Amino acid sequence: MVAGERAGVDARLAEARLAEAGLVDARLVAPVLAWYPGAARDLPWRASDRTPWGVLVSEVMLQQTPVARVEPVWRAWLDRWPTPAALAEAPTADVLRAWGTLGYPRRALRLAACARAVVEHHGGALPTTEAELRALPGIGAYTAAAVVAFAHGRRAVVLDTNVRRVLARTLGGQGLPPAHLTRGEQSRADAVWPADDARAAAWSQAVMELGALVCTARAPRCAACPVASSCAWRAAGSPPPTTAPRTQAWTGTDRQARGRIMAVLRDAVGPVGEGALTAAWPHDAEQRARALAGLLADGLVARAGDGYGLPE
DNA sequence: AAGACGGGGTT
DNA sequence: AACCCAGTCTT
């Protein structure tokens, strides 16, 4: 075993002892739970009249898209398709237009497929276990846990980018979590998560909110943090992150080309011809063809007469 | 384990 | 111009 692994194991053992002694609960969980009620945002998918379906729709929309952009689309979506059964009947073109510019439109396709699966296999009601949710299209480990915690109020370890950052800083002393979710992070989270359903669900919501509002990636508001005094990262002098995340290129990528084509088709009343696609991405015919082929393969675009349109 | 996959607000 | 965002799926 190399020194780094040895140190990691020692750190986890130390954390496990702290958890056993109830110190993590006293220093981290309890203060964050106390902080939440006065700080939480008033988001519509958290309202007392929320439904599991509304929670799921919010979680899928929030996969890589910020809250501010999701909120208006979520409201319109739930007004139009208040249940899985309603969405299951919707034409794909309507679904993609309602998704608008949230990005990653395959999520909209998967959400519609999820609605149909819920109708077919679960009688139209969302299942309540992580394993059943995980088996539905577009629902991965995070979203399954989020629905269990936020919609059903039961214990589920919700490990999104916010929670990973809070735990990396407060317990790990690191500025940012690893690039990819590690077993170490999962075992650390499992040790921290309260055992009781109601407390665990409240913690899920509160720790995510802390990461979103206070323990932010770029410029954390440590002065407003309820656990600043026991934060391992602060104690270490807030050292900058060691590994810089690789930023994704955007301008000139296939993804941008796909987006331009989708924008044209969303805004078109009927099918569009080759000319409209050329105008959408004029300078690289090869890339345009590759993007269109990908969209057709993904089921985001369909041939319509002599041209192309959103699928029925 | 790595790469593909949108789009817009913030710094 | 970079960076960031309540991830998932495929290879």
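If you're wondering where the values come from, they're calculated on a predicted model, not measured in any experiment.
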Nearest-angstrom distance from the residue atom OH of A/Tyr142 to P of C/dC9: 14 Å

Nucleotide nearest A/Gln63 when distance is taken to its side chain, options C/dC4, C/dA6, C/dG7: C/dG7

Can you tell me if A/Arg218 touches the phosphate of B/dT10, counting only side-chain N or O atoms and a distance under 4.0 Å to OP1 or OP2? no

When the nearest nucleotide of DNA chain C is assigned to A/Arg46 and to A/Gly138 on a heavy-atom basis, which residue is associated with the more 5' position? A/Arg46

Among B/dC5, C/dA6, C/dC9, the nucleotide that comes nearest once only the side chain of A/Arg134 is considered: C/dC9

Residue pair A/Pro84 / A/Gly124: nearest heavy atoms and the distance that separates them: CG-O, 3.6 Å

Rounded distance in Å between the C1' positions of C/dC9 and B/dG8: 24 Å

Remember a base hit wins even if backbone is also touched, and classify A/Ala217 as base, sugar-phosphate or nothing at under 4.0 Å, heavy atoms. sugar-phosphate

Answer with base, sugar-phosphate or nothing: what part of the nucleic acid does A/Ile139 contact at a heavy-atom distance below 4.0 Å? sugar-phosphate

Enumerate, atom names and distances included, each donor-acceptor pair closer than 3.5 Å involving a side-chain atom of residues 287-297 of chain A, sequence neighbours excluded.
from	atom 1	to	atom 2	distance (Å)
A/Gln287	OE1	A/Trp281	NE1	3.0
A/Gln287	NE2	A/Gly252	O	2.9
A/Gln287	NE2	A/Asp254	OD1	2.8
A/Arg288	NH1	A/Trp281	O	2.6
A/Arg290	NE	A/Asp254	OD2	2.7
A/Arg290	NH2	A/Asp254	OD1	2.9

Would you call A/Arg155 and A/Asp190 a salt bridge, taking side-chain N to carboxylate O under 4.0 Å as the test? yes

Please compare A/Arg110 and A/Ala212 by the position of their nearest nucleotide in DNA chain C and report the one closer to 5'. A/Ala212

Ionic contact status for A/Glu71 with A/Arg41, cut-off 4.0 Å: no

Are OP1 or OP2 of C/dT8 and a side-chain N or O of A/Thr143 less than 4.0 angstrom apart? yes

Protein-nucleotide distance (A/Asp267, atom CG; B/dG7, atom P), rounded to Å: 11 Å

Nucleotide C/dA6, atom C1' - distance to CH2 of A/Trp45 in whole Å: 9 Å

Can you check the A/Gln248 CD to C/dG7 C1' distance for me, whole Å? 12 Å

Which atom pairs, one a donor and one an acceptor, fall under 3.5 Å between side chains of residues 128-142 of chain A and the rest of the protein, sequence neighbours left out?
from	atom 1	to	atom 2	distance (Å)
A/Thr129	OG1	A/Glu132	N	3.2
A/Thr129	OG1	A/Glu132	OE1	2.8
A/Tyr142	OH	A/Glu59	OE1	2.7

Would one find a side-chain N or O of A/Thr65 under 4.0 angstrom from OP1 or OP2 of B/dG7? no

Of A/Met262 and A/His180, whose closest DNA chain B nucleotide lies nearer the 5' terminus? A/His180

What interatomic distance, in whole Å, is found between C1' of C/dC5 and the corresponding atom of B/dC5? 14 Å

Please work out if A/Arg165 contacts a base, only the sugar-phosphate, or nothing of the nucleic acid, heavy-atom cut-off 4.0 Å. sugar-phosphate

Could you tell me whether the phosphate oxygens of C/dC5, OP1 or OP2, come under 4.0 Å of any side-chain nitrogen or oxygen in A/Gln64? no

Could you give the distance separating B/dG6 and C/dT11 at their P atoms, to the nearest angstrom? 16 Å

